[in-house]
Amino acid sequence: MLYIGCHLGSSKGYENMGREALSIGANTFQFFTRNPRGGAAKAIDEEDISKFLEMAKENNFGKLVAHAPYTLNPCSADQKVRDFAHMILVDDMMRMEYLPGNYYNFHPGSHVGQGMEAGIEMIAEMLNRILKPEQTTMILLETMSGKGSEVGSKFEELKAIIDRVELSEKLGVCMDTCHINDAEYNVVDNFDGVLEEFDKIVGLNLLKAMHINDSLNPFGAHKDRHAKIGEGHIGTEAIARVINHPSLKNLPFILETPNELDGYAKEIKILKEFYIE
Ligand code: FE
Ligand code: FE
Ligand code: ZN
């Protein structure tokens, strides 16, 4: 089964996102839990959520991927920024339980000069504070491009975080094709090798979702600029190999390409044509 979708704006609620997803041929999607730059989330509308859950069930939606705000940095040097990250994570975990059993993706953080080890330690400490045994939500650490002082552009860094978290069964990884290609994992010429390495270091059983993006920049650029599928340095054929990879069967594939709904509809249509049942 191919679970494919894209990032959708969440301001109009879940039922609306479900409708939008269906209108573009998607059976999963990603959404921000709140304004991507942080700030207040909307009040929980249980009626909206229950209508959406009904719709998702009827249409066999795959796992959804919520995305944390970009401003969330558990390993900031500033205590206020870390406190903000904690507050947002606690609130988002509570909200996610209204959509039980889905994924919450976040950028592990930027160590801002404190060093990779210190960053990893602080991220793990934050996760240890917010994870609860009873939660049904799995937190996904996103593979990063390695711009600035980002933590998580090497599989070893993600593994080091996971190893320090007590409730590590609540953790998984979301792999972003633009980010890993930027981070010197060769999506175009050696994706098999990339997955082998991921398996050796982290374990393929922890790979739970894929962001499928082309990259404006060449291999190893550490820039994190997404391109439309086929308009970047990765290309449609390599992306088609990703969605067909036997190790990635049934994972949600989420487009985060620079598109409006009609553009996403086209990319989803093309990728469905490339998908071999
Ligand atoms: Fe992201
Ligand atoms: Fe991403
Ligand atoms: Zn990105």
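What you see below is based on every heavy atom in this structure, not just the backbone, and it leaves out hydrogens, waters and symmetry mates. As the structure lists them, so they are numbered: ligands from 1, and atoms in each ligand from 1.
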Checklist line | Salt bridge present between Glu117 and Arg164 (N-O < 4.0 angstrom) | finding: yes
Next item on the list: Around the Zn ion (ligand 3), list the protein N/O/S atoms within a radius below 2.8 Å, excluding water molecules.
Entry: His179 NE2, Asp224 OD1, His226 NE2
Check: Which atom names give the shortest non-hydrogen contact between Ile268 and Gly25, and what distance separates them?
Finding: CG2-O, 3.6 Å
Check: side-chain hydrogen bond (donor to acceptor under 3.5 Å, both in side chains) with His67: which of His7, His107, Arg34, Gln30?
Finding: His107
Margin query: Could you check whether any side-chain N or O of Lys63 sits under 3.5 Å from a backbone N or O of Gly101, counting only pairs where one atom can act as donor and the other as acceptor?
Written below: yes
Notebook entry, point to check: Got a donor-acceptor contact below 3.5 angstrom from the Asn59 side chain to the Leu22 backbone?
Noted result: no
Notebook entry, point to check: Quick one: do Glu54 and Lys51 make a salt bridge, cutoff under 4.0 Å?
Noted result: no
Next item on the list: Identify the two heavy atoms, one from Phe61 and one from Tyr3, that lie closest to each other, and give their separation to 0.1 Å.
Entry: C-CE2, 4.1 Å
Notebook entry, point to check: Between the side chains of Ser215 and Asn181, does any donor sit under 3.5 Å from an acceptor?
Noted result: no
Next item on the list: Would you list the protein N, O or S atoms within less than 2.8 Å of the Fe ion (ligand 2), leaving out water?
Entry: Glu142 OE2, Asp176 OD2, His211 ND1, Glu256 OE1
Item checked: Cluster overlap Ile4 with Ile276, hydrophobic side-chain contacts below 4.5 Å -> no
